[in-house]
Structures are given as structure tokens and as C-alpha cells.
There are 2 protein chains.
Amino acid sequence: MKRPTIADIARRAGVSKGAVSYALNGQPGVSEATRQRIVAIAQEIGFNPNSAARALSGASARAVGLTLCRPARILGIEPWFMGLISGFEAELSARSYALTLQVVATPELEVEVYRRWWGERRIDGVIVTDLRENDIRIPVLQQLQLPAVVIGGPGETGKIAQIWSDDAGAITEAVRYLVALGHRRIARVSGLPGLLHTQARTKAFNDTCSSLGLEAVTVPSDYTGEEGSRATRRLLIDTDRPTAIIYDNDVMAVAGLAVAQEMGLAVPGDLSIVAWDDSPLCSLVHPPLTALTRDIAEYGAHAARELLASIDGKEVGNVEAGTAHLTPRGSTAPPR
Amino acid sequence: MKRPTIADIARRAGVSKGAVSYALNGQPGVSEATRQRIVAIAQEIGFNPNSAARALSGASARAVGLTLCRPARILGIEPWFMGLISGFEAELSARSYALTLQVVATPELEVEVYRRWWGERRIDGVIVTDLRENDIRIPVLQQLQLPAVVIGGPGETGKIAQIWSDDAGAITEAVRYLVALGHRRIARVSGLPGLLHTQARTKAFNDTCSSLGLEAVTVPSDYTGEEGSRATRRLLIDTDRPTAIIYDNDVMAVAGLAVAQEMGLAVPGDLSIVAWDDSPLCSLVHPPLTALTRDIAEYGAHAARELLASIDGKEVGNVEAGTAHLTPRGSTAPPR
DNA sequence: AGAATTTACTGAACCGGGTAAGTTGTGGTG
DNA sequence: CACCACAACTTACCCGGTTCAGTAAATTCT
């Protein structure tokens, strides 16, 4: 079961290896007739260039890397990452780049993986998610000169490309909407406080609330359902409990809905709920959740495009993707 | 920013390339003193062997492939695949194998990807999910002699390793449990009917019901929330509606719960719900769902181990992983 | 002590593509 | 007709590891 090489094609076509290489890569140096003959033979015997050999002589491994740094139990139900991966894939497979994945436990291990992948020339670039304050990954990427695109800013990344969405605008829209409905006590259950986009959201939430003369209560959480439930309970046992809660992801919002139901509170009558990121999960539950919708797959595709441009040596700066917009559903209404 | 090679190490250590290779790979042929000197230098300059060069001369690409063939919108919220991926990773990264991922639209494209990956020597083996009747992927894998492990049987795969769980036993347990609670009209919303494990479950469900003198109603669905809702509505508008429904995955079960609530039926009072696969999703909703629990990550790790054994040339047969067991929660009770 | 074996290396071929440099052969031009 | 330009190749080396055959020195055996 020997897999065919260009030498096999060359022998059958009666030309040299070099000619075959030129022919298959669309390089000048062979006549059109010869090129077609060679291409036909390659087709016929099912030739695929050995990616290792290619990577060894050329430069590109035609693969990009993605590390997922969240506990395994949350990875499973967070629609976010899979949506992102689908988006990457759409762009990468169109340019026949492979996606190499690794699940890691800590940012330190993530850095190790980047070093190894780059050292092994396994990948041409990486997609970095969950940008943090003073993120330890950024200096390493700069030192290695490893092409990268960072999702989850904006933050300080030097020359490394970034892509982010205008979370501030979205959260302002959500707060204004709730206020228009008549809510005055609006709380928020946030994602991991160490992440930069969480901080951006918190700042925007605080600013919007104070400009409207409202108190801004944010309970930090970690995107998991358990923590989302806990945070919701803490908010709802308060005598002066909020009439609306904005959650930083859909999983926590669903968990919050269950807590409200368990406590005998009607949604949306006693409590309005807004989820950030509108996965099918939001429409699955009853009542369906009002959500801040954005096209996650398109976000991922955008990031992949930027990364490929950066790998091609093009200058890429900071790009803002589309803003999330409010999709009102059954979980929001004027407070009783 | 040139990445170091064994030639760099050889020069600094004053030995030949070959000696460095022996030293770093633990091969005999160098003295212990020299080996330690070489390893120290490699450490110091941060050497990583170029995986392309290694793959070119050796044989192994030290990577395995996984294709995901489900529509993007369902991939996002199905905890199943991410759980599986976490499991693979645990095993693969321990043996420093990379995981290469591709999202595809159809089994035909899946086959194309296998051919290309194998032709390019990008991977050493693949993990095949969602085994179907007369699966077109099996003959291709056999023809290519591409090491593989198949998840989702049992089915006819010749010499290709398989791993499956005893779905029949689990579904029997669920039906018996519901009958013991007093249910007599039990329905089931299944996954894609083309998949072999769906058929195995359907058969077991039918057998168990008929042995207990019950009518077995299975509505085929496709694992998505939308279809799960539709199937549930179809079942619940019946005058002789079931008092319990078993769903083939958690996403459809959650959707079914929402439909029941929307129709004013109390869960579990008017309708009991059992989900297959116990992701955190099941505990998130209210009431929390009774589920057929199995350790998906362990299932994935098991599959990865089998695949690596098969890549190492060991004979692997059909392996049965642990049976799912019933985890009773708030969504099941005696019918009113 | 001399032969046989073992140890610790070196040198070179090899994997399968990419590509710069060299070699034909053809046609056009002055 | 000599000369040049250019197309259409071939040749040969490169990438960075692995591995096998060969060699000199050290050790063991008789």
C-alpha cells in the first residue's frame, strides 16, 4: 500500500521530478500539454503531496493551532467554542489549512503548547482566545514571532492582530431596553473577571447604569452553570432583589432561569433575563431567552481570515467585528 | 529567529548529527556523559524536533484526525462531541499526539478528507463517529489501510477496531424504571434513524416494551432542539398522550421539557422525561432531568487508547465500554 | 600479547517534495 | 547564417531528522 510520490508520476509521464513539481504547482517551466498529462496521471493514481516533505522544504505546514483552556466540564456545553470552531473551519478548509486542537488546563501549559508546536513546525499560526490582563501568552508569541490572532480584546498586544466585538455598545443597548421596559434594579452575572472582555463589559455596564442614575450590581462568575446558579441565588435572596439580570453567557442564563423557577419566581413577570450570546440553547428553554445575538461562526471565520493574512505576511491591525444586537424573546417584560 | 536544529546542537557539542539523534531519542550508540551534554544543550537552546522532518524519514506523523459531520448549528450545543474531544485529548496529549479536526457536511466529503489526510501523511489514524448502515467510510478505510477506531456500533467493520456502549441494557433499565413508577404509555424521541446505535436502541426499546406488554412508540428525530420540540408536540397533542418520554440526547430532552411547560403540562406530574447522556445541561434546567449517565470523556479516552494501539500495529477487536446507568432526578415521578 | 568483541562515535544515504542553476532545442532577428 | 532570447525541460542540492554501514579506540577473552 505504498502511497504515490512525484517520482512515481515522473516515471509514468517520462519526465523528471522537477517537471512534475512545476506542473502540479502551476509554476511556469512546463508546456501546457505536459502539464495536462501530468495532472491527469496524478488524478488517476490518487496523488496527494506529502505534507511533511512540503513543510520541510517550503515553509508552511498548512495548519493552524487552537488551544482550549477551560475546564472539561464547561467545554462540553459552552456552545461558544464549537461555534467558533465551525467558523474557523469554514475559512480554513476553503484554503485547505488543517486545524490542530489541544485542550489545556492552564495558560502556562498553553504557552508550552505554542512553543512546542512552533518548534516542531507543526503549525503556521495560532488563534488565541480569552485574552487576559497582562496575558503571559502575548510576550511569548512576540518572542517566537509566531503569527497569531487574538480574540477577546481589545487589549495590549503590540503588533499581534486582534479581533473583537463592541461589547460595550451591546450591553448599553440591553440596559437601555430593560430601563425602557420600566426596570430600575438591573443586575449582571459576569464571566471570568480576569478576561479583558469581561472587564470591558463591566465598565460599560457601570457607565451606562450610572449615566441613567441606576446602581450597577455585578456578581462575578465563571461561565459555568453551577456558578451561574449560585450567583443568581445570591442576587434573588436579597430583599431588594433585582427585577432583571443580564448574564455574560447563555449557559449561566439558562441556569439562572432554572433557579428563578425553583424559587417560584415567574419569568418574565417577577424577573427578566437577558443572555449574552444567542445559541440554540436560548430558544430551547421555556420561556425562550431574550439574548444579545451575534454570529459566532462569522466571528470565527473573520478571525481565521485575519490569521491567514498574517501568515501570508500581510500587516493586520485591530479589527472590530459586528456588534451584538438584542433579540427580544419571552424572558423580558415590564416588571410587575 | 531561526529555530534550532540538531545540526546546531551537534556543532555546539562537537559531535555529529547522528550522535545527537541517538542521544535525544534514547537510542544506544552514545556514552552517558555525551548524552547528558547533548540533552543539556538541547534544553538550553530550546530545541524541538521538526515534526515534518521526523515524519518524512520515520513514519509517524504523531497526529490523529477527527471529522465532525453534523450541521454547524447542532455541533454548537451538543455536549457530546466536546466531551468526546476532551477524552481524546487526555489520552493523546499524554503520548504527545496532536488532534487534527475538520468539520464536514456529508459522509462523502468525510471520505475525501480521510483520503487527503492519509495521502498527505498528515495523520496516523482517524476516529470515526456515527457509524451508519452500509457505511461508505468503512470500505475506504479498509482500502487505504488507514488505522481507525469506530465509535457508534456495533456494526460490520471487518478488521477495524470498534468501541461501543451497551445501549440496549441502558434503555431497558430506563423503561423498567418508568414502568415501576407506574407508567404504561412510554414514548421515545430518537436520534438520526440512519445511525446504527439509534437502530440498536430502537430495537431494544421495542423488545423491552413488547416483553412488558406495552406499545412502543418511537418518533424519529435528528438530535436538534427544533426537531425534538416538534416530535414532542406531535406526541403530546395525541388524545392518548404518553405519560413519559425517553429522548436520545439531552438537547432534545431539554427542548421537550420546554414544550411541555409551554403546553401547560407539569413535569414530572403530567409528563416524565428521561434524557440520554447526562451533560451539565440536564442539571441546569428546572426540574433537573433524569438521565442515562455515562462518562463520555472516558469513552473518548478509551477510543483514543484503542486507536493508538492500532497505530502501534497491535491487533484490536471490538471493545465494549461501560454501560450507561440511570441517574434519577426531578423530571421523573409516578404519573398522576 | 594478540585476537575478538564491544563501545562510541562519524559519514553518508534517505525520506519526498521545492527550486535555483544548467542544458537543450526552437524560432526569430539583424 | 550567426546570434540571441526564450520555452521546456533536467540536474542537483536543499530542508532536518533517522538510520545503516563503517571505523577507531577501548575493553575483554584466550
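Per chain, numbering begins at 1; letters A, B, ... match sequence-line order.
Checking A/Gly18 against A/Glu32, the closest nucleotide of DNA chain D that is more toward the 5' end is the one next to A/Glu32. Annotation: of the two residues near DNA chain C, A/Tyr22 and B/Gly29, the 5′-most nearest-nucleotide partner is B/Gly29. Nearer the 5' end of DNA chain C, as judged by each residue's closest nucleotide, is the contact made by B/Ser57, out of B/Ser57 and A/Ala19.
Side-chain N/O atoms of B/Ser21 include none lying less than 4.0 angstrom from OP1 or OP2 on D/dT19. At the phosphate of C/dC9, OP1 or OP2 sits under 4.0 Å from a side-chain N or O atom of B/Thr34.
Contact annotation for B/Val20: no contact, since no heavy-atom pair falls under 4.0 Å across all strands. When heavy atoms are screened at a 4.0 angstrom cut-off, B/Ser16 is found touching base atoms of the nucleic acid. B/Thr5 comes within 4.0 angstrom of sugar-phosphate atoms only, judged by non-hydrogen atoms across all strands, and of no base.
Donor-acceptor pairing under 3.5 Å, judged by distance alone, is present between the side chain of B/Lys17 and the base of D/dG17.
When rounded to the nearest whole Å, the span between CG of B/Asn50 and P of C/dC15 equals 18 Å. For the pair B/Ile6 CD1 and D/dT18 P, the interatomic distance rounds to 6 Å; values are reported in whole Å. One can place CZ of A/Arg54 at 16 Å from C1' of C/dC15, the figure rounded to the nearest angstrom. Nucleotide C/dG17 holds its C1' atom 8 Å from the CG atom of A/Leu56, rounded to whole Å. The interatomic distance linking A/Asn25 (CG) with C/dG16 (C1') rounds to 13 Å, in whole Å. If you take CD1 of B/Ile38 and P of C/dA8, they are 12 Å apart, rounded to a whole angstrom. As rounded to whole Å, 13 Å separates atom C1' of D/dC15 from atom CG of B/Asp8. Remark: P of D/dG17 and CZ of B/Arg62 are 15 Å apart, rounded to the nearest angstrom.
With values rounded to the nearest 0.5 angstrom, A/Arg62 atom CZ is found 7.0 Å from A/Arg54 atom CZ. To the nearest 0.5 Å, the span separating CD on A/Glu306 from CD1 on A/Ile160 amounts to 14.0 Å.
Between A/Val64 and A/Ile123, the closest side-chain pair of non-hydrogen atoms is not below 4.5 Å.
Remark: B/Arg294 qualifies as a cation-pi partner of B/Tyr299 under the 6.0 Å distance and 45° angle criteria applied to the six-membered ring.
Between A/Glu298 and A/Arg305, at least one side-chain nitrogen of the basic residue sits less than 4.0 Å from a carboxylate oxygen of the acidic one, meeting the salt-bridge criterion.
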